[in-house]
Amino acid sequence: MTKLPISFPLKKRFQVPTFKRLRKTLHCKAKALCFPHYVKMASLFCYRDSCPSVKNILLLDSEGKRVAVKYFSDDWPTNGAKLAFEKSIFTKTLKTNARIEAEIMMFDSNVIIYKFIQDLHFFVTGGDDENELILATVLQGFFDAVALLLRNNVDKREALENLDLILLCFDEIVDGGMVLETDPSIIAGKVATHTMDADAPLSEQTITQAWATAREHLTRTLLK
């Protein structure tokens, strides 16, 4: 089998079949075209060993420093190990062009999907036998939900000012490593609702705008 380079465009990667990927897809009985529905069903009805699984979601700045991160695996038992992992993947992906579409790389027996915008770097990590389509959809859901909540002002400054919203996104997307939701409008809507219920230190106008944007996006999606 042809060996892929350490960093490879996600779209091209999908054109190269592997036994592990086909086995994972067939095992979960899902087609790529129906993938969004599959994620929801899998998180509810599959056994943990055969369900889509995410090891971490990372949001780093243009220097590789943390903006917001969440780990769902014990592969990195200490904070030092986590920081070293973040530095390593940032360094390896720094010179790649992942601003137009997500890209993929293999690192330490992990599949890493990543995408950049402005001075923010988004990463999702899964095991080496995980389906890349699943990880890519999780990444895109997180990416688009953040864009909705920040009203498309996606940069480090705006992210830090609304860090509570981003942290809530993690909880809406993944629970204990299991994928719960990937639709960005639903994620953003739930985050905005939770923020209102929790009376977080954000202005009422900001929350209302986030909810209105999420609702508008959902409406456009339904009308397509």
Side-chain angles (χ1 to χ4, degrees), residues 10-11 33-43 52 54 56-62 66-70 72 98-103 112-126 132-175 178-224:
L10 189 58
K11 186 179 295 183
L33 292 177
C34 300
F35 179 70
H37 304 289
Y38 157 61
V39 170
K40 296 179 183 179
M41 293 175 64
S43 63
V54 172
N56 62 49
I57 303 178
L58 312 175
L59 180 58
L60 308 179
D61 67 12
S62 58
R66 288 181 174 180
V67 176
V69 303
K70 188 155 188 178
F72 309 97
R99 296 186 181 275
I100 298 176
E101 62 181 24
E103 293 196 17
I112 300 172
I113 311 289
Y114 57 98
K115 189 172 184 179
F116 309 151
I117 183 173
Q118 301 288 0
D119 53 357
L120 292 177
H121 294 208
F122 293 73
F123 299 88
V124 170
T125 303
E132 293 96 328
L133 283 171
I134 296 174
L135 301 178
T137 304
V138 172
L139 174 71
Q140 195 63 45
F142 177 48
F143 186 93
D144 290 342
V146 170
L148 284 171
L149 290 166
L150 300 185
R151 301 175 300 284
N152 290 320
N153 297 319
V154 186
D155 55 34
K156 180 180 177 181
R157 178 178 179 181
E158 195 73 18
L160 290 174
E161 290 179 353
N162 295 276
L163 189 59
D164 52 345
L165 299 180
I166 295 175
L167 294 176
L168 284 171
C169 277
F170 291 150
D171 296 332
E172 293 299 333
I173 298 169
V174 178
D175 181 20
M178 298 182 68
V179 180
L180 298 179
E181 183 59 71
T182 60
D183 187 307
S185 58
I186 294 177
I187 296 166
K190 289 182 177 180
V191 167
T193 301
H194 290 327
T195 306
M196 286 188 287
D197 293 340
D199 194 24
L202 288 174
S203 68
E204 182 111 0
Q205 183 180 8
T206 300
I207 297 170
T208 303
Q209 288 176 341
W211 174 247
T213 302
R215 183 170 54 190
E216 180 183 354
H217 180 80
L218 177 60
T219 301
R220 289 200 306 266
T221 302
L222 293 174
L223 290 176
K224 287 182 179 179

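These numbers were taken from a predicted model, which means no experiment stands behind them.
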Minimum heavy-atom distance Leu135-Ile113, with the two atoms named: CB-CG1, 3.6 Å

Approximate separation, where rounding is to 0.5 Å, of Phe122 CZ and Phe116 CZ: 11.0 Å

Val174 side chain reached by Ile57 side chain, heavy atoms, under 4.5 Å: yes

For the student: nearest non-hydrogen atoms of Val67 and Leu60, plus distance: CG2-C, 4.0 Å

Short side-chain to backbone donor-acceptor contact, Asp155 and Gln118, under 3.5 Å: no

Gap between atom OG1 of Thr125 and atom CG of Leu139 - 0.5 Å precision: 10.0 Å

For the student: nearest non-hydrogen atoms of Val54 and Asn56, plus distance: CG1-O, 3.4 Å

Asn153 side, atom CG; Glu158 side, atom CD - distance, nearest 0.5 Å: 5.0 Å

Approximate separation, where rounding is to 0.5 Å, of Ile173 CD1 and Asp175 CG: 12.0 Å

Distance (rounded to the nearest 0.5 Å) between Leu168 CG and Ile187 CD1: 12.0 Å

Exercise: identify the closest heavy-atom pair between Pro184 and Leu148: O-CD1, 3.7 Å

Minimum heavy-atom distance Leu180-Glu172, with the two atoms named: CB-O, 3.7 Å

Side chain Arg66, main chain Leu58, donor-acceptor under 3.5 Å: no

Rounded distance (nearest 0.5 Å) linking atom CD1 of Ile166 with atom CG of Leu120: 7.0 Å

Considering all heavy atoms, the nearest Val69-Leu59 contact: CG1-N, 4.2 Å

Ring-face cation of Lys115 near Phe143 (centre distance under 6.0 Å, axis angle within 45°): yes

Step-by-step side-chain contact (heavy atoms from CB on, under 4.5 Å) determination, Phe142 to Val124: CA-CA 9 Å; Phe142 177 48; Val124 170; 5.5 Å; no

